[in-house]
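Below you'll find the structure, written out as structure tokens, and then a few comments.
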Amino acid sequence: MVKLMGELGWLAFLAVVFIAAVLVVNPVGDFSLNDDFNYAFSARTLAETGRIAFPYLPSPTMIFQVFFGAFFMKVLGLSYTALRVSTLLMAFLAVASSFFIMRELGFGSGKSFLAALLLLFNPLFFSLSFSFMTDVHFVALMLLSALFYIIGFKGNRLFWLFLGSVFSVFAFLVRQNGVLIPVAALAYLLVRDRRLDFRRALVVFAFPLALMAAYMYWYVFLEGTTQAFSGMVSQTLSLGWLPYIPFRLFAFFEYIGIFLFPLSVSLFAGRAFRRGNVVFASAFMVLGLAGYFALLYLFHLGFPQLPNYINQHGLGPSYLQGLKSPDLSSALPIIGLFGIVSASFLAAALISARGSILSGFSSIRWLVFILGLLLFGFLFVLESYFDRYLLPVLLPAIAVAFYASSRFRVNESLLALCIVLLAVFSVAATHDYLSWNRAKMDAIGYLHQQGVGNINIDGGYEFDCQNFCLQPQPARANSTRDYDPVWVKHSAYVIDTRYVVAFSPVPNYVQVRKFGYFSLLTMRDEGIYALRRSE
């Protein structure tokens, strides 16, 4: 086990960087982001009443997250700010765990620190750290479990293996794919020892699987599943995901290229491909670009193939009317091409270094590789699929990329500079995402002061669904107005949206008031509009 005391300086540095980034973004604000109103509903119910209640929408297990969030609500108050603090703590645990995992895998402190920053400032991970979505909680618990398993296997210590199993159960109690963590641990045990050690198998596999099975029995037969979970199971069993496999493989290749672009750029600058590896890089680039243009022109699927967070209003879904045009979608094809080129260099390095990577099946690195492969495979058996689902495979991908690049000269100064640029973008875009949401809530608060009720306000997907979607609704006539957005037509059951909160003026509405905020992306004042229907 790497000595903890020797790494406290690096850990403190990580903490300073993390806290500074959080302060720039400013996590304060009592508003929902994306789908986290579902999980906030359960956490608030638990904090207020002491009972567990699931809205009918969510499909994740989420129970650990609900208890964790309820604790923070008890301490800090019943607000989304308290829940956001809980996620930020989990985000830092994920980043710290990634640093120690890389150290345990044999990388130096400097490279391990850079790998941790690649996770921290991944645009999706960083943005989701300011929500109460399940993704960051799952990644943190998964990495903690993996770290404890690594320590336990390296020192043959049952206590640490037991901790790994406990945290694998915690991860499962956030998202169902946590079941793959003890499976990976058992697979590594069999690969390493080439025989079944029943005592270790009991600790790393049978114990956590029994607890997971007990929870599922309670959830399915005693508590009752949610509508979304039942739908997810039926869709998965129907094999409706099979036709999407080629597209998802390509999307993974493209996204990983974007996520790891600092490493691919530093490989290129370090002239890693002088020794004939340019052939590999060129071949992957040609294949990748051919696939990209095939998707673009034959199937009308350019980047991103998966629903994406990036737009001119920051890092996060902009489910609000009046989205300004042109937006960053005009730049997305360029980002997609960049991802293909970046992934090509990484794939070439991986092929060139395959001997050193694949050797030594007893090496602890194989626990991380096996876990990454299982999580990667899980991506393809889901009917619905979002870019944030890639986050659990990010650290295994980083570890493989660092192993592949270890054979070549990497320009570490350029690597650090690229990570800084990535950090600047992620911090600025997440700052803007929370800023316009705060302005949106100011606009809604103003309408409330004027006596307007929620039933007459379209405050965007999150606000509308927080008020109208958490429980099955009685049959009502959905909106038939062509200009109403999809969440008003089909999701929120809003009867009469006389008022709209929007990014810009929209047809059929007149401006009531504008609420400003400062954008770090555009470096100017922007605004959110409260509008009244003119008809």
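- Residues Val24 and Leu520 are in side-chain contact: their nearest non-hydrogen atoms beyond the backbone lie under 4.5 Å apart.
- Between the side chain of Tyr149 and the backbone N or O of Val204 there is at least one donor-acceptor pair closer than 3.5 Å.
- Classification of the Phe402-Phe107 ring pair by plane angle, with boundaries at 30° and 60°, yields perpendicular.
- Among all heavy-atom pairs drawn from Leu521 and Asp432, the shortest one is N-OD2, 3.1 Å.
- For Phe338, the CZ atom counts as densely surrounded, since its 6.0 Å shell holds more than 12 non-hydrogen atoms of other residues, nucleotides or ligands.
- At distances below 3.5 Å, at least one donor-acceptor pair connects side-chain atoms of Glu462 with backbone N or O atoms of Asn34.
- Using cut-offs of 30° and 60° on the angle between ring planes, the pair Phe380 and Phe376 is perpendicular.
- Residues Leu118 and Leu114 fail the side-chain proximity criterion, which asks for heavy atoms closer than 4.5 Å.
- Summarising the geometry of Phe170 relative to Leu141, their closest heavy-atom pair is O-CD1, 3.6 Å, with the distance given to 0.1 Å.
- At a threshold of 4.5 Å between non-hydrogen side-chain atoms, the residues Tyr461 and Asp35 count as touching.
- Looking at Ser426, its side chain never comes within 3.5 Å of a backbone N or O of Ala423 through a donor-acceptor pair.
- Side chains of Arg103 and Trp10 form no contact here, defined as non-hydrogen atoms less than 4.5 Å apart.
- A distance-only check finds no donor-acceptor pair linking the side chain of Ser127 to the backbone of Pro123 [under 3.5 Å].
- Under a 3.5 Å cut-off, the side chain of Thr61 and the backbone N or O of Phe172 do form a donor-acceptor pair.
- A heavy-atom distance below 4.5 Å is found between the side chains of Phe121 and Val427.
- Annotation: the span from His137 atom NE2 to Phe132 atom CZ amounts to 5.0 Å, rounded to 0.5 Å.
- Side chains of Tyr215 and Val169 form no contact here, defined as non-hydrogen atoms less than 4.5 Å apart.
- Tyr80 OH to Phe37 CZ: the interatomic distance, rounded to the nearest 0.5 Å, is 8.0 Å.
- Contact detail for Ser168 and Pro208: the closest heavy-atom pair is OG-CB, 3.6 Å.
- Note that CZ of Phe18 and CG of Leu117 are 12.0 Å apart. Values are rounded to the nearest 0.5 Å.
- Distance alone, capped at 3.5 Å, places no donor-acceptor pair between the Ser42 side chain and the Tyr39 backbone.
- Nearest heavy atom pair, residue Ile398 against residue Ala115, reads CG2-CB, 3.8 Å.
- Between Phe113 and Phe13, the ring planes are parallel. Angles under 30° get that label, and only those over 60° would be called perpendicular.
- Applying the side-chain contact (heavy atoms from CB on, under 4.5 Å) test between Leu434 and each of Asn26, Leu33, Leu315 identifies Leu33 as the sole match.
- To the nearest 0.5 Å, atoms CZ (Phe378) and CD (Gln176) are separated by 6.5 Å.
- We find the CG-CD1 distance between Leu422 and Ile258 to be 11.0 Å, quoted to the nearest 0.5 Å.
- Looking only at distances, a side-chain donor or acceptor of Thr87 sits under 3.5 Å from a matching main-chain atom of Ser131.
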If you apply the rule side chain to side chain contact (heavy atoms under 4.5 Å, CB included), what do you find for Leu163 with Ile151, and how did you get there?
CA-CA 10 Å; Leu163 279 183; Ile151 295 171; over 6 Å; no

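- Counting only distance, with no hydrogens or angles, the side chain of Ser145 and the backbone of Phe167 share no donor-acceptor pair below 3.5 Å.
- The main-chain N or O of Leu83 is found under 3.5 Å from a side-chain atom of Ser86 such that the two form a donor-acceptor pair.
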Passes side chain to side chain contact (heavy atoms under 4.5 Å, CB included), Leu120 versus Phe92? Steps please.
CA-CA 8 Å; Leu120 170 59; Phe92 181 73; over 6 Å; no

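- Side-chain N or O atoms of Gln65 include none that pairs as donor or acceptor with a backbone N or O of Arg175 at under 3.5 Å.
- To the nearest 0.5 Å, the span separating CG on Asn122 from CD1 on Ile419 amounts to 11.5 Å.
- Residues Val203 and Leu161 come closest through the heavy atom pair CG1-C, 3.8 Å.
- With a 4.5 Å cut-off on side-chain heavy atoms, Val66 and Met62 count as touching.
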When you look at Val22 and Phe130, which way does the side chain to side chain contact (heavy atoms under 4.5 Å, CB included) test go after all the steps?
CA-CA 9 Å; Val22 169; Phe130 291 83; 4.0 Å; yes

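- The two atoms that bring Leu379 and Tyr389 nearest to each other are CD2-O, 3.1 Å, heavy atoms only.
- The cationic group of Arg365 lies under 6.0 Å from the six-membered ring centre of Tyr403 and within 45° of the ring axis, placing it in a cation-pi geometry.
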Trace of the side chain to side chain contact (heavy atoms under 4.5 Å, CB included) decision for Asn156 with Arg200
CA-CA 9 Å; Asn156 290 316; Arg200 287 185 173 83; 3.4 Å; yes

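- Under the 4.5 Å side-chain criterion, counting only non-hydrogen atoms from C-beta, Phe99 is not in contact with Leu119.
- Counting heavy-atom neighbours within 6.0 Å of Phe71 CZ, excluding the residue itself, gives a total of 12 or less.
- Within the cation-pi definition used here (under 6.0 Å to the ring centroid, within 45° of the axis), Arg388 qualifies as a partner of Phe386.
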